[in-house]
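To start, the structure under review is shown below, and the notes come after it.
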Amino acid sequence: MNRSLTTLFLSRLNITLHRLKVVDSTNTYLKSVASNLPSSTNLEGIAATAEMQTSGRGRMGRTWYSPTGEGLYLSLLLKPRLEIERLPLLALTCAIAVYETLHRYLEQGIDIKWPNDLLVHNRKVCGILCEAAFERSELLYAIAGIGVNLNQKEFPEELNSATSLRIAVGYEIDKEDFLHELLNQIDRWYAVLESNSDEIRQAWTNRSSYAYGKKLLLPDGCSGTTRGLTASGSLLIELEDGTSRTLRDADL
Ligand code: BTN
């Protein structure tokens with residue numbers, strides 16, 4: 001495999017970035033890195049990018065469109081110091097970091113669709129897939145996989161609700177600059193997650209139109225209105241009959 005390594009010392013995370021040309025999926029790659037290292041190894045901060053993925057994976061078993069060079073495909077191995085039931089907040093943390101990175105390029109029009117899709121002008125520009133490995137009930141590691149549509153000029157017909165940052169701003173995005181800013185934002189918000197995860201809930205709420213008062217049709221056909229996040233990052237919904245429900249993971 002064609003691979004080069006870069007090391008970055010950030011405030012909270014020391015990143016060892018494996019830069020790959022082609023890989024099936026950067027998440028799958030990091031899983032195999034983690035399982036081939038001695039169990040005493042500090043995995044946190046090992047990361048991978050690829051120029052293209054042959055089997056990019058999305059949430060709910062979907063595939064992630066990963067054409068050569070045009071998108072950013074990034075995964076990071078992390079082990080947050082966090083109560084295990086709050087682990088879903090890791091994906092929300094990454095979404096905030098992507099939001100802030102996009103905000104360097106775009107003043108307006110960015111939204112986070114629950115749980116962690118980034119939208120620009122109501123079209124999807126980034127998806128996040130967090131996976132975790134446990135031994136008994138202890139977290140061994142989590143992998144945060146982030147796919148950002150950076151420089152696509154168009155999308156296949158079936159992805160008609162996708163967009164790219166380039167389409168939104170009208171000029172070509174320097175992938176290295178974007179990556180550098182994103183890693184710094186992840187480092188910053190990861191430290192917030194570990195020191196006070198309620199701040200993550202607040203930061204997510206401030207950036208998402210889905211947090212409060214959004215009328216939604218749920219996957220089972222019920223209708224409801226969003227009423228904020230629970231402590232562990234589930235979405236609280238008030239149904240039309242006045243009862244409430246929490247959504248842990250779903251497509252809305
Ligand atoms: C989704 O919206 O369904 C999540 C998409 C996540 C895609 C990224 S690209 C980098 C990493 N590697 C993968 O195979 N998936 C994630």
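Indexing begins at 1, ligand by ligand and atom by atom, following the structure's order. Just so you know, these numbers use all the heavy atoms, side chains as well, and skip hydrogens, waters and symmetry mates.
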Before accepting this row, confirm whether a basic side-chain N of the pair Glu70/Arg166 lies closer than 4.0 Å to the acidic partner's carboxylate O.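 Salt bridge between Glu70 and Arg166, a charged N being under 4.0 Å from a carboxylate O: no.
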
For ligand 1, is there an N or O atom under 3.5 Å from any N or O atom of Tyr73?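 It does not: no N or O of Tyr73 is found under 3.5 Å from an N or O of ligand 1.
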
Suppose we measure from [atom] to each protein heavy atom; which comes out shortest, and what is that distance?
{"atom": "atom 9 (S) of ligand 1", "answer": "Gln53 NE2, 3.4 Å"}
{"atom": "atom 15 (N) of ligand 1", "answer": "Arg57 O, 2.7 Å"}
{"atom": "atom 8 (C) of ligand 1", "answer": "Gly147 N, 3.6 Å"}
{"atom": "atom 3 (O) of ligand 1", "answer": "Arg59 N, 2.6 Å"}
{"atom": "atom 10 (C) of ligand 1", "answer": "Thr26 OG1, 3.2 Å"}

For ligand 1, which atoms have a heavy atom of [X] less than 4.0 angstrom away?
{"X": "Asp117", "answer": "2 (O)"}
{"X": "Trp64", "answer": "2 (O), 5 (C), 7 (C), 9 (S)"}
{"X": "Ser25", "answer": "12 (N), 13 (C), 14 (O)"}
{"X": "Gly56", "answer": "14 (O)"}
{"X": "Leu74", "answer": "10 (C)"}
{"X": "Gly58", "answer": "1 (C), 3 (O), 4 (C), 5 (C)"}

Region of Ile128 that comes within reach of ligand 1 [heavy atoms, distance under 4.0 Å]: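 The answer is the backbone of Ile128.
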
For ligand 1, the portion of Lys124 having any non-hydrogen atom under 4.0 Å away: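 Just the side chain.
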
Under 4.5 Å between any side-chain heavy atoms of [X] and [Y], yes or no?
{"X": "Leu165", "Y": "Val148", "result": "no"}
{"X": "Lys124", "Y": "Leu118", "result": "no"}
{"X": "Leu90", "Y": "Leu82", "result": "no"}

Looking at Glu44 and Lys79, would you say the former's side chain and the latter's main chain have a donor-acceptor pair under 3.5 Å?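 Yes, because the side chain of Glu44 sits within donor-acceptor range (under 3.5 Å) of the backbone of Lys79.
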
Test the Arg207-Tyr99 pair against the cation-pi criterion, namely NZ or CZ under 6.0 angstrom from the six-membered ring centroid and within 45° of the ring axis.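 Here Arg207 passes the 6.0 Å and 45° test against Tyr99.
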
Between Tyr105 and Phe178, how do the two ring planes meet: parallel, tilted or perpendicular, split at 30° and 60°?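 Correct class here is tilted.
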
Indicate the atoms forming the closest heavy-atom contact of Ser164 with Phe155, along with that distance.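 Nearest heavy atoms, Ser164 then Phe155: N-CE1, 3.8 Å.
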
Shortest non-hydrogen separation from Gly233 to Leu229 and the atoms involved: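 Heavy-atom minimum between the residues: O-CD2, 3.9 Å.
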
